[in-house]
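These notes are about the structure you will find just below.
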Number of protein chains: 2
Amino acid sequence: MRLTANRIAGILRENGYKLTPQRHIVLKVIASSNDLLTPDSILEKSRQEDPSLGRVTVYRTLEVLNKLSLVCKVHSEGRCGSYMMKRPTEHHHHLVCSGCGKAVDITNCSLIDIEKKLSQESGFEIKGHLLEFYGLCHDCVENTPTIHSNKGGTSR
Amino acid sequence: MRLTANRIAGILRENGYKLTPQRHIVLKVIASSNDLLTPDSILEKSRQEDPSLGRVTVYRTLEVLNKLSLVCKVHSEGRCGSYMMKRPTEHHHHLVCSGCGKAVDITNCSLIDIEKKLSQESGFEIKGHLLEFYGLCHDCVENTPTIHSNKGGTSR
DNA sequence: CTCTAATAGATACTTCATTTCAGTTGTAAT
DNA sequence: ATTACAACTGAAATGAAGTATCTATTAGAG
Ligand SMILES: [Mn+2]
Ligand SMILES: [Mn+2]
Ligand SMILES: [Zn+2]
Ligand SMILES: [Zn+2]
């Protein structure tokens, strides 16, 4: 069951947030994409519908959606702080295409068990974990992408 | 076997990079800490030794060290783009304290196996993964931690 | 319809990072 | 040691991303 923009609009109202035309546009942009979107690309797409829509509004809307746990924030390769609509509601992670930004949800996570062992070994009180897989989707493998330059590497 | 600042100095030269006093300072700062360090905190510590050392030099040195795989880049909670000296040379991940920035290396990673299965299911050509655990170290649990020493407020 | 707290966007500002450039220096070859 | 030069440095300008503030507007409850 996938959250539609309209369904989310309802959730907003239920939580005491107003549903403005601007928010509705931003919502539609995020909800209708399967890709990771940077705040900037969300702004760009939103402005196709309302050119006067402000950058601040995008950030504020993302903040609200994040607070209501309606979006997933992803770090991805090179570029941190991209967002996508939350699809599975349970704990999950993402496989992201470095070429086009397409993201697949991964719901079978076995790391929570590991955390317990790790906690004993390290003496840390573990609060959570961040896991993302990255690579190239089928399309991008074929089309020899090279579009998105990934800068500095990440710890693996 | 742990890399010392001097050992790394040698590696730099072997790879055709000059060993300048500034780089040596930056190197020492990173190599002598067990914590995650932001570029800014690296700059600050480096300037204790040479107040005229420039911010650009820190970034350039980090770029070189990253290229030579001598540092681990960590995303951590909230603040992306922190670094620490690479300690195990093999594939590993990190458990990071949100309180003080202390980082523990985790060498038993079973995700590479999972990647294969995931690759078949998704059609992606998986290039790697990003995994980090976060929480509070023993000290920070007891001391009701102050916020991560990453300059300014991490609160949000 | 009325009222008001929530919201939008203009503008200014902050922070982090990169680019440019002219002067400096590590280092290898003489 | 002297030399020669690419590598390197730091100041300054520029760019990118996000935040703060303030005034006018508005969604939506009553
Ligand atoms: Mn998701
Ligand atoms: Mn490490
Ligand atoms: Zn792709
Ligand atoms: Zn700690």
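Just so it is clear: chains get the letters A, B, ... in the order the sequence lines come, proteins before strands, and each one is counted from 1.
- For the pair A/Arg55 CZ and C/dT11 P, the computed distance is 15 Å after rounding to whole Å.
- For the pair B/Asn15 CG and D/dC8 P, the computed distance is 11 Å after rounding to whole Å.
- No N or O donor and acceptor, one from the side chain of A/Arg60 and one from the base of D/dG18, sit under 3.5 Å apart.
- Closest to the side chain of B/Asp40, out of D/dT9, D/dT19, C/dC16, is C/dC16.
- Atom P of nucleotide D/dA27 and atom NE2 of A/His24 are separated by 13 Å, given to the nearest angstrom.
- Annotation: A/Lys45, atom NZ; neighbour count of heavy atoms from other residues, nucleotides and ligands within 6.0 Å does not exceed 12.
- No donor-acceptor distance shorter than 3.5 angstrom exists from the side chain of B/Glu125 to the backbone of A/His138, with no hydrogens or angles considered.
- Closest contact between the side chain of B/Leu53 and the listed nucleotides D/dC8, D/dG10, C/dT27 involves D/dG10.
- What separates NZ of A/Lys67 from P of C/dT7 is a distance of 10 Å, to the nearest Å.
- At least one donor-acceptor pair closer than 3.5 Å links the side chain of A/Thr61 to the backbone N or O of A/Thr57.
- The base of C/dG26 has none of its N or O atoms less than 3.5 Å from a complementary donor or acceptor on the side chain of B/Arg23.
- Side-chain N/O atoms of B/Thr20 include one lying less than 4.0 angstrom from OP1 or OP2 on D/dT9.
- Residues A/Ser119 and A/Phe124 share a closest heavy-atom pair of OG-O, 2.7 Å.
- Residues B/Pro39 and B/Tyr17 both approach DNA chain C. Their nearest nucleotides, taken by heavy-atom distance, put B/Pro39 toward the 5′ side.
- Side-chain atoms of B/Arg13 never come within 3.5 Å of backbone atoms of B/Leu19 as a donor-acceptor pair (strictly under, hydrogens ignored).
- In this structure, the nucleotide among D/dT19, C/dG26, C/dA8 sitting nearest to the side chain of B/Pro21 is C/dG26.
- Rounded to whole angstrom, the span from the CD atom of A/Gln22 across to the P atom of C/dA10 amounts to 11 Å.
- Closest contact between the side chain of A/Lys18 and the listed nucleotides D/dG10, C/dA5, C/dA8 involves C/dA5.
- Following rounding to the nearest Å, B/Glu63 (CD) and D/dA7 (C1') show an atom-to-atom distance of 14 Å.
- Distances from the side chain of A/Leu19 to the nucleotides D/dG18, D/dG28, D/dC8 place D/dG28 closest.
- Atoms CG (B/Leu43) and P (D/dT9) sit 13 Å apart, rounded to a whole Å.
- Between the P atom of C/dC16 and the OH atom of B/Tyr83 lies a distance of 14 Å, rounded to the nearest Å.
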